[in-house]
Amino acid sequence: MEPISGAYDPKTTEAELYKKWEASGYFNPDNLPVSQTKNYVVYMPLPNVTGTLHMGHALNNSFQDIVIRSHRMRGYRTLYLPGTDHAGIATQFVVEKKLKKEGINKFDLGREKFIGKIWEWKNEYGNIIYDQLRKLGVSCDWSRVRFTMDENYAKDVKKAFVHYHDKGLLYRGYRTVNWCPRCGTSLSDLELEYKEEQSKLYYIHYGPFTLATTRPETKFGDTGLAVNPKDGRYKDYVGKELEIESLSTEGSLDVPAKKKNKIIVVADDAVDMEFGTGIVKVTPAHDLVDFEIGTRHNLPLVQVIDETGRMTERAGKYAGMKTAEAREKIVEDLKATGLLEKEEEYAHNLAVCYRCGHAIEPIPSKQWFLKMDSLAKTALESVKSGRVKINPENFEKPYTAWLENIKDWTVSRQIWWGHQIPVWFCKNQKEFEIKNQKSNLKNEEGYVVSMEKPEKCPFCKTCEMEQSPDVLDTWFSSALWPFAGLSESDLKKYYPGTTLITARDIINLWVARMIYSGTEFMGQEPFRNVLIHGTILTKDGKRMSKSLGTGIDPLKYIEQFGADATRFGIVWQATGQDIRWDETAITAGKKFANKIWNASRFVLTQIGDELFPTNIPEPKTEADKIILEAFTKVKESSVRDIDAFEFSKALHDLYDFFWHDFCDVYLETAKLQAADDATKTSTKHMLVFILRESLKLLHPFVPFVTEEIYQRFPFPEKKVFLMVETLV
RNA sequence: GGGCGCUUAGCUCAGCUGGUUAGAGCGACUCGUUUACACCGAGUAGGCCGGGGGUUCGAAUCCCUCAGCGCCCACCA
């Protein structure tokens with residue numbers, strides 16, 4: 001090792017080393033010279049191809065690489081499975097936005113060409129992501145990299161759909177669903193976000209009652225009134241059909257008018273007696289709760305808002321208005337006709353699309369739903385039984401809470417980018433006319449659920465059947481990630497996995513769904529441990545996100561300080577709580593890499609070409625004894641901490657040992673001991689031993705600098721890479 | 001409305017199955033260029049551990065309460 005330069009320069013080492021590692025084939029567990037019995041498998045939480053990786057991904061992948069590298073060095077057959085997610089709505093949205101800037105509208109392009117554009121995007125960003133991961137130094141098996149829309153993966157997705165359908169868990173229904181008018185698609189409950197909104201609570205005269213609503217524009221879709229069954233105030237009205245005076249949809253917009261309607265009063269537990277006047281209008285078509293009330297009491301479904309968020313013909317003279325506009329006009333007219341009693345300021349949470357932020361409009365729509373009862377039970381049992389451990393345990397709560405109150409999952413989406421559902425329609429069968437909200441359509445619509453397009457249409461016997469244009473919720477396919485697209489032999493060898501490391505925001509969206517999917521299709525849970533780590537926030541405690549402009553590309557740090565320093569800085573801070581990002585930790589990492597480099601230069605210069613056995617040296621002096629004891633202690637604790645997912649603690653202890661015990665104290669003493677013939681050889685032996693073993697312990701955290709030094713290390717029986725050395 | 005978490009040095013955080021002078025990184029200050037490293041070494045300063053109450057021989061650590069901050073879930077229209 002040339003003693004010339006003082007400072008360690010990651011630029012001259014990292015890229016080269018990564019190439020060598022990759023070329024060695026050791027990222028692929030099939031090539032590891034290890035026992036065939038002990039597996040350690042990590043399925044990478046697949047980054048979305050919506051853009052590039054940020055610090056959160058860097059944290060996530062640093063953690064995963066630590067457990068992988070640590071176990072690889074402990075003789076496990078380690079697989080770190082990489083990939084990316086097509087991320088349906090999210091990716092479609094960003095590409096739409098990009099095209100819009102170029103003046104292109106997706107409808108002008110048409111479905112096929114638009115999807116082509118998304119593929120171009122995917123290829124570009126997918127590659128950037130893989131490059132970022134390589135630069136970070138993560139040791140995943142690139143020979144097995146998958147994308148959720150790969151051919152084999154897509155096949156497994158279809159298979160799952162057909163399986164659920166054949167099992168009776170997947171059904172088509174006409175129901176009120178969450179709808180994003182901007183994206184033009186249905187959304188699941190988990191794809192909503194809530195934004196606090198200052199709005200008004202309107203008290204409207206409704207026959208003999210006054211009731212409170214925030215959405216007067218939906219009133220033309222009201223098909224009932226509901227009260228709590230225990231509410232004595234309205235007892236006598238329950239079950240009665242009343243004639244009430246309300247706003248007319250007829251005539252001119254300039255002349256507000258009233259007309260008489262008939263409406264039924266029902267009693268339902270969902271009604272809160274304390275809120276407003278304790279009586280509520282039921283609009284089954286435009287409110288999810290109302291839909292349920294409507295279903296329970298057989299109330300008709302009247303749609304007054306369409307897929308674009310505008311009032312339908314049923315709203316008469318208000319038709320064509322956007323809901324916000326209609327609300328304003330209707331409130332005005334209610335006032336004019338004396339139907340509005342009062343309005344109050346009211347803060348409430350507005351549901352918005354988690355991708356584009358547009359307000360959600362519940363509307364009735366024909367969709368595919370997955371029955372969740374039995375699957376949720378499966379996922380609950382996996383955790384309750386301890387077969388899957390969630391760490392920290394606190395996160396079991398949101399997991400079980402969600403599963404215990406689950407509703408059926410709307411899995412179909414009306415976008416273009418995604419897995420088109422394997423449903424085939426007869427072209428000649430007239431679509432069944434929906435008369436009400438009843439969801440048991442049977443198969444009067446003329447469709448077939450099957451992997452392949454049926455050769456002959458079973459309905460008309462003549463047509464070329466047409467595939468449904470709907471695609472699947474992107475989470476339907478990512479739920480299959482631990483096994484979809486893997487070869488038979490890989491499934492045998494690498495399923496189930498060991499540890500899943502992820503952030504808390506997708507515990508239900510993804511983790512729960514992987515657990516029941518794995519159990520459903522593979523017969524056992526996809527992993528034993530789930531580690532939920534903190535989120536990286538900005539220095540002032542805000543969420544790091546690209547859309548807020550607060551995100552940071554880890555490459556910025558890697559280029560400036562090196563991957564080791566970046567990983568160090570992240571892990572150093574990632575103690576379990578959310579992290580208010582502090583760049584100085586990376587400075588510390590850079591200094592530490594340099595410290596390791598220089599201490600190694602010193603040791604290697606000391607020993608020259610001399611070879612020392614790899615065994616534990618006999619301590620000859622007090623200093624020898626102290627350093628050996630300290631080493632043994634940190635070796636045990638750091639491995640234990642890694643297994644307990646206490647990466648930051650392990651790193652702090654290793655840092656402390658290496659810098660202070662080894663460098664500050666022992667190295668200085670060793671200089672004296674090496675000058676004394678009586679202890680010269682034993683001291684060098686000790687130096688080499690402690691250094692080499694420390695490099696092994698440090699390698700999972702700072703893989704590059706440790707490997708670079710190891711490559712220059714003279715000792716017998718050396719392996720080709722530190723990466724596959726044995727951490728005994 | 002429910003759940004979870006946080007409040008410790010100037011900054012970012014450890015410590016919290018209770019026990020000698022409360023730690024780290026970064027920053028500040030003082031010395032130091034003896035042949036690994038100035039991306040260094042030896043030191044120093046800086047904290048009534050958010051407020052109040054309680055349990056205990058003893059609490060940053062356990063309990064209660066108040067205040068502030070953050071996140072998640074939820075069918076108060």
Side-chain angles (χ1 to χ4, degrees), chain A residues 1 3 5-9 189-190 192-194 201-202 204 211-216 218 222 225-226 228 268-283 286-293 346 348-349 351 362 392-402 405 407 504-505 507-508 534-535 537 539-543 561-562 565 568-569 572-606 646 648-649 651-653 655-656 659-660 663-665 667-668 670-672 687 691:
Chain A
M1 190 159 173
S5 83
Y8 170 65
D9 180 13
D189 299 339
L190 291 181
L192 309 185
E193 271 173 13
Y194 294 89
L201 193 56
Y202 302 96
I204 301 174
L211 56 78
T213 180
T214 53
R215 304 199 62 196
T218 62
D222 295 351
L225 292 171
N228 191 288
D268 197 285
D269 286 326
V271 180
D272 180 352
M273 291 163 43
E274 309 297 318
F275 188 87
T277 56
I279 185 157
V280 59
K281 67 190 201 62
V282 185
T283 322
H286 300 293
D287 185 287
L288 265 52
V289 178
D290 289 5
F291 177 78
E292 282 173 19
I293 296 174
Y346 185 63
H348 81 303
N349 289 326
E393 234 172 280
N394 283 340
F395 290 111
E396 274 185 26
K397 277 205 172 174
Y399 177 87
T400 47
W402 182 65
N405 300 293
K407 284 189 242 162
R504 77 173 95 80
D505 47 338
I507 292 176
N508 296 326
T535 306
L537 309 170
K539 188 112 180 180
D540 41 353
K542 294 204 182 88
R543 202 186 173 73
F561 302 103
F568 179 103
W572 183 262
Q573 295 183 71
T575 55
Q577 297 301 324
D578 285 353
I579 299 153
R580 287 188 181 210
W581 182 245
D582 180 14
E583 284 190 17
T584 64
I586 294 187
T587 312
K590 183 172 185 267
K591 288 182 176 182
F592 187 50
N594 191 237
K595 190 74 178 174
I596 298 171
W597 177 257
N598 280 303
S600 305
R601 279 204 312 145
F602 171 72
V603 173
L604 294 182
T605 312
Q606 285 289 308
E646 306 257 21
S648 183
K649 186 174 180 301
L651 180 59
H652 276 83
D653 289 347
Y655 174 93
D656 200 48
W659 198 302
H660 300 114
C663 293
D664 290 349
V665 180
L667 244 50
E668 294 308 318
K671 286 175 186 172
L672 305 174
L687 283 172
L691 175 62

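Naming: A, B, ... by sequence-line order, numbering from 1 per chain.
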What protein N or O atoms touch nucleotides 6-9 of chain B N or O atoms at under 3.5 angstrom, if any, and at what distances?
none

Between protein and nucleotides 23-29 of chain B, what N or O pairs are separated by less than 3.5 Å?
unit_1	atom_1	unit_2	atom_2	d
B/C26	OP1	A/Lys591	NZ	3.4

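For A/Phe568, the ring-ring contact (aromatic ring centres under 6.0 Å, His included) partners at least two apart in sequence or on another chain are A/Trp572, A/Phe592, A/Tyr655. By the side-chain contact (heavy atoms from CB on, under 4.5 Å) test, A/Asp653 is found to be paired with A/Val634, A/Ser637, A/Asp641, A/Lys649, residues two or more places apart in sequence or in another chain being considered. Contacts of A/Lys397 classified as salt bridge (Lys or Arg N to Asp or Glu O under 4.0 Å), with partners at least two apart in sequence or in another chain: none. For A/Trp402, there are no ring-ring contact (aromatic ring centres under 6.0 Å, His included) partners at least two apart in sequence or on another chain. Residues satisfying the ring-ring contact (aromatic ring centres under 6.0 Å, His included) criterion with A/His348, sequence neighbours excluded, are A/Tyr346. By the salt bridge (Lys or Arg N to Asp or Glu O under 4.0 Å) test, A/Arg504 pairs with A/Asp578, sequence neighbours left out. Evaluation of the salt bridge (Lys or Arg N to Asp or Glu O under 4.0 Å) rule for A/Asp189 yields no partner, not counting sequence neighbours.
When base pairs are accepted only as Watson-Crick or G-U wobble with both N-N or N-O distances under 3.5 Å, RNA chain B takes part in stems of 3 or more pairs at B:1-7 with B:67-73, B:10-13 with B:23-26, B:28-32 with B:40-44, B:50-54 with B:62-66.
Taking the nucleotide of RNA chain B with the nearest heavy atom to each of A/Asp664 and A/Trp581, the more 5' of the two is matched to A/Trp581.
To the nearest whole angstrom, the two P atoms, one in B/A60 and one in B/A22, are 10 Å apart. On the P atoms, B/C62 is 12 Å away from B/G15, given to the nearest whole Å.
Distance A/Asp269 CG to B/C76 P: 15 Å, rounded to the nearest Å.
Within the 4.0 angstrom heavy-atom criterion, only backbone atoms of the sugar-phosphate kind lie near A/Lys397; the bases stay farther away.
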Under 3.5 Å, which donor-acceptor pairs do the side chains of residues 269-280 of chain A form with other protein atoms, sequence neighbours left out?
unit_1	atom_1	unit_2	atom_2	d
A/Asp272	OD1	A/Glu274	N	2.8
A/Thr277	OG1	A/Thr210	O	2.5

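Taking only distance into account, the side chain of A/Glu646 never meets the base of B/A14 through a donor-acceptor pair shorter than 3.5 Å. For A/Lys595 and B/C37, a side-chain-to-base donor-acceptor distance below 3.5 Å is present, hydrogens and geometry of angles not being considered.
Comparing B/U12, B/A36, B/C37 against the side chain of A/Leu667 picks out B/A36 as the nearest.
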Task: Contact pattern, 5' to 3', of nucleotides 68-75 of chain B - B, S or - by protein heavy atom under 4.0 Å - done: ---S--BB
